[in-house]
Amino acid sequence: MRNYDKYKKQYYMPPERCTDWAAKEAPEKAPVWCSVDLRDGNQSLIRPMSLETKLKFFDLLVATGFKEIEVGFPAASQTEYDFLRALIDGKRIPDDVTVQVLTQAREHIIKKTFEAVRGAKNVIVHVYNSTSVAQREQVFRKDREGVKKIAVDGAKLLKELTEKEGADYRFEYSPESFTGTEPEYALEVVNAVLDVWKPTPERKAVINLPATVENAMPHVYAQQIEYMHKNMNYRDGVVISLHPHNDRGCAVAASEFGLLAGADRIEGTLFGNGERTGNADIVTLAMNLFSHGIDPGLDFSDMPRICEKYTEFTDMPVNPRQPYAGALVFAAFSGSHQDAIAKGMAYRAQHDEKFWTVPYLPIDPQDVGRSYDSDVIRINSQSGKGGVGYVMYNAYGLNLPVRMRETFGYLVKDVSDKRHAELSAEDIYKIFEESYVSPRCSFDISECHFAQVEGEIDATVTVLRNGGREVVSARGNGRLDAVSNALKTLLGVDYRLTDYEEHAMSSGSQSKAMSYVGLETDAGLYWGAGVDEDIIISSYKALVSAINNLLKD
């Protein structure tokens with residue numbers, strides 16, 4: 001590409017090496033989650049949410065388990081202000097949920113924000129100003145001391161107004177564009193703010209370190225966070241919070257690295273919605289912890305409903321490949337993947353496995369409200385015998401013989417390839433029925449009678465063909481062998497009956513039996529299937545279908 005040389009790095013490494021985080025495997029517990037869907041996620045929508053929609057979204061977030069929810073920028077618009085008042089006056093905020101409000105470090109905006117939160121029980125007032133080199137030089141046109149003064153004055157006003165209200169509000173400060181700020185200067189500003197608030201372990205302040213524009217690889221962000229974690233004053237009275245944006249597509253990784261580096265809290269949104277490329281995706285972050293055996297503290301057990309509500313509220317679809325939540329994330333179309341999943345599921349059932357280790361499925365789809373039948377094994381022209389066999393067994397209780405699965409798998413692939421479409425379980429069963437159960441074009445059997453003669457079975461078979469009825473008898477070492485010998489004599493065909501399997505299709509005295517017959521000739525292998533309440537009838541029905549397929553070929 002042209003013009004690559006007009007770009008340079010706009011991030012700053014800490015003045016000391018900060019790589020302790022790299023030796024850790026995973027966080028020991030879930031962070032504090034703060035949803036910013038109703039503020040950051042809302043302001044990024046083409047059509048921002050109405051008051052009624054925001055109330056519904058708030059209820060969804062509470063039901064999901066969020067204990068801290070940023071409800072907006074109440075000084076920014078009347079809808080934002082009215083939404084917060086509707087929550088407070090309508091007593092819609094549970095006692096264990098804290099609402100967070102955002103304000104710039106400007107006097108009139110802070111005062112308007114305090115008017116909006118009056119009467120709320122648990123509140124975090126979140127004040128911010130940008131500290132990055134680019135913003136200092138191009139937007140504020142102030143030196144370091146001037147920008148630090150904005151932060152300190154804002155912190156003082158928050159403390160003064162809280163004391164005047166007689167409230168117990170908590171405080172949060174963000175050096176906006178933290179990742180574009182020299183770490184030692186960001187630390188200087190943060191410590192100056194903390195010197196105003198003097199937080200304690202009993203009343204902690206939140207210091208939020210946002211990647212307002214993601215401009216570096218995740219390990220750089222982790223080192224910046226670790227530097228702040230190690231050098232920040234009042235550390236035991238501070239909750240270090242992260243607010244990563246996704247400009248480089250690394251917000252989830254940056255969040256996880258930041259937690260290893262000492263952060264305690266994540267601000268993000270469902271499915272990563274937010275300005276530009278969005279925020280950290282809390283669904284993915286929480287489910288990543290879940291997949292490692294860590295309780296995320298959020299409930300995504302009905303993921304399809306959350307996706308449905310999210311789309312309803314935002315008018316934004318959930319990508320079908322969205323981790324854990326997308327419609328296709330558990331779907332296996334590849335034949336080898338399907339085979340491995342089917343075998344993994346069988347192994348799990350046979351060995352009563354405690355832990356989830358099924359190949360290609362990082363978590364059990366049922367844990368997020370998905371089903372094996374419709375969500376996991378999906379059949380198209382890329383699928384194989386394992387997937388087709390899995391669908392037939394799980395949807396219809398049909399356990400096809402191993403060699404028949406291969407033949408049937410190719411048949412299904414061919415149909416899907418010609419249609420250029422995925423096939424449903426109903427489509428696949430219809431192909432099975434038309435190919436193996438229904439073939440009767442050459443002949444059929446209307447009835448059979450058996451007698452035991454000299455240790456063998458004698459079969460008298462009534463055959464229907466060419467509009468007429470013929471009766472033929474033969475002897476064999478069993479009922480099916482006797483019928484087979486009779487048909488060979490009448491029809492003049494030669495084959496080897498190499499495969500025969502049967503099983504019940506359901507439990508109970510009224511269950512039907514499914515039989516499978518494979519016939520081998522020099523030209524190939526031919527299959528038939530038969531179903532009936534009588535296992536003998538189902539077996540010779542399968543034989544009839546197989547011979548019809550042979551004759552047709």
Side-chain angles (χ1 to χ4, degrees), residues 34-44 48 68-85 98-118 120 123-162 164-165 167 169-181 185-186 188-197 205-213 241-245 267 269 274-276 279:
C34 178
S35 161
V36 296
D37 290 90
L38 297 171
R39 194 274 301 172
D40 200 345
N42 180 52
Q43 72 188 28
S44 66
E68 297 184 4
I69 301 172
E70 190 169 81
V71 294
F73 200 140
S77 75
Q78 192 62 42
T79 299
E80 300 280 286
Y81 186 95
D82 291 344
F83 169 56
L84 179 53
R85 291 314 311 171
T98 296
V99 293
Q100 178 172 303
V101 288
L102 185 68
T103 176
Q104 290 176 324
R106 298 169 65 186
E107 182 176 353
H108 71 286
I109 296 178
I110 292 174
K111 288 182 176 179
K112 179 73 171 178
T113 302
F114 270 75
E115 290 176 19
V117 300
R118 190 170 290 130
V123 177
I124 294 175
V125 182
H126 179 186
V127 64
Y128 74 94
N129 68 295
S130 188
T131 58
S132 70
V133 173
Q135 294 260 26
R136 294 199 313 260
E137 293 176 350
Q138 300 172 38
V139 180
F140 297 105
R141 302 198 176 186
K142 290 180 179 291
D143 60 13
R144 286 186 171 194
E145 284 301 314
V147 168
K148 182 170 72 173
K149 185 176 186 303
I150 295 173
V152 171
D153 288 348
K156 288 178 178 178
L157 187 54
L158 257 62
K159 184 177 181 182
E160 175 189 324
L161 292 176
T162 298
K164 184 177 179 180
E165 290 283 337
Y169 301 151
R170 292 171 60 201
F171 304 138
E172 177 173 347
Y173 172 69
S174 288
E176 192 197 10
S177 301
F178 164 75
T179 51
T181 304
Y185 173 62
E188 179 184 334
V189 174
V190 164
N191 281 335
V193 168
L194 292 173
D195 283 339
V196 174
W197 291 340
V206 179
I207 295 297
N208 189 53
L209 303 173
T212 309
V213 177
S241 176
L242 309 178
H243 188 124
H245 277 243
E267 292 187 353
T269 56
E275 290 186 286
R276 303 185 311 278
N279 293 282

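Computed from heavy atoms alone, side chains included, the values below leave out hydrogens, waters and symmetry copies.
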Using the six-membered ring of Y81, assess whether NZ or CZ of K112 lies under 6.0 Å from its centre and within 45 degrees of the ring axis. yes

Check whether any side-chain heavy atom of [X] lies under 4.5 Å from a side-chain heavy atom of [Y], and answer yes or no.
{"X": "L38", "Y": "F83", "answer": "yes"}
{"X": "N42", "Y": "R39", "answer": "no"}
{"X": "H245", "Y": "D40", "answer": "yes"}
{"X": "T181", "Y": "P175", "answer": "no"}
{"X": "I109", "Y": "F73", "answer": "yes"}

Taking all atoms of both residues into account, what is the closest heavy-atom pair of [X] and [Y], and its distance?
{"X": "Q135", "Y": "S130", "answer": "CG-OG, 2.9 Å"}
{"X": "L158", "Y": "F114", "answer": "O-CZ, 3.7 Å"}
{"X": "A205", "Y": "W197", "answer": "CB-CE3, 3.9 Å"}
{"X": "Y185", "Y": "V147", "answer": "OH-CB, 3.4 Å"}
{"X": "Y169", "Y": "A120", "answer": "CE2-O, 4.2 Å"}
{"X": "T179", "Y": "T212", "answer": "OG1-N, 4.4 Å"}

Distance check, rounded to the nearest 0.5 Å: [X] atom [atom1] versus [Y] atom [atom2]?
{"X": "I110", "Y": "K156", "atom1": "CD1", "atom2": "NZ", "answer": "13.0 Å"}
{"X": "E275", "Y": "Q43", "atom1": "CD", "atom2": "CD", "answer": "4.0 Å"}
{"X": "K148", "Y": "D143", "atom1": "NZ", "atom2": "CG", "answer": "10.0 Å"}
{"X": "N279", "Y": "S44", "atom1": "CG", "atom2": "OG", "answer": "7.5 Å"}
{"X": "L209", "Y": "Y173", "atom1": "CG", "atom2": "OH", "answer": "10.0 Å"}
{"X": "R118", "Y": "L161", "atom1": "CZ", "atom2": "CG", "answer": "9.5 Å"}

Donor-acceptor list for residues 98-105 side chains, cut-off 3.5 Å, not counting sequence neighbours:
| from | atom 1 | to | atom 2 | distance (Å) |
| --- | --- | --- | --- | --- |
| Q100 | OE1 | R265 | NH2 | 2.5 |
| Q100 | NE2 | E70 | OE2 | 2.6 |
| Q100 | NE2 | H126 | ND1 | 3.3 |
| Q100 | NE2 | E172 | OE1 | 3.3 |
| Q100 | NE2 | E267 | OE2 | 3.0 |
| Q104 | OE1 | R106 | NH1 | 3.2 |
| Q104 | NE2 | Y128 | OH | 3.4 |

Partner set under ring-ring contact (aromatic ring centres under 6.0 Å, His included) for F178, not counting sequence neighbours: none

For K149, does the NZ atom have more than 12 heavy-atom neighbours from other residues, nucleotides or ligands under 6.0 Å away? no

Working for salt bridge (Lys or Arg N to Asp or Glu O under 4.0 Å), residues E115 and K111: CA-CA 6 Å; E115 290 176 19; K111 288 182 176 179; over 6 Å; no

Among T269, V71, I69, exactly one meets side chain to side chain contact (heavy atoms under 4.5 Å, CB included) together with V36. Which residue is that? T269

Dump the intermediate steps for side-chain contact (heavy atoms from CB on, under 4.5 Å) on T162 and V125, then the final yes or no. CA-CA 10 Å; T162 298; V125 182; 5.6 Å; no

K159 side-chain N/O to V196 backbone N/O, donor-acceptor pair under 3.5 Å: yes

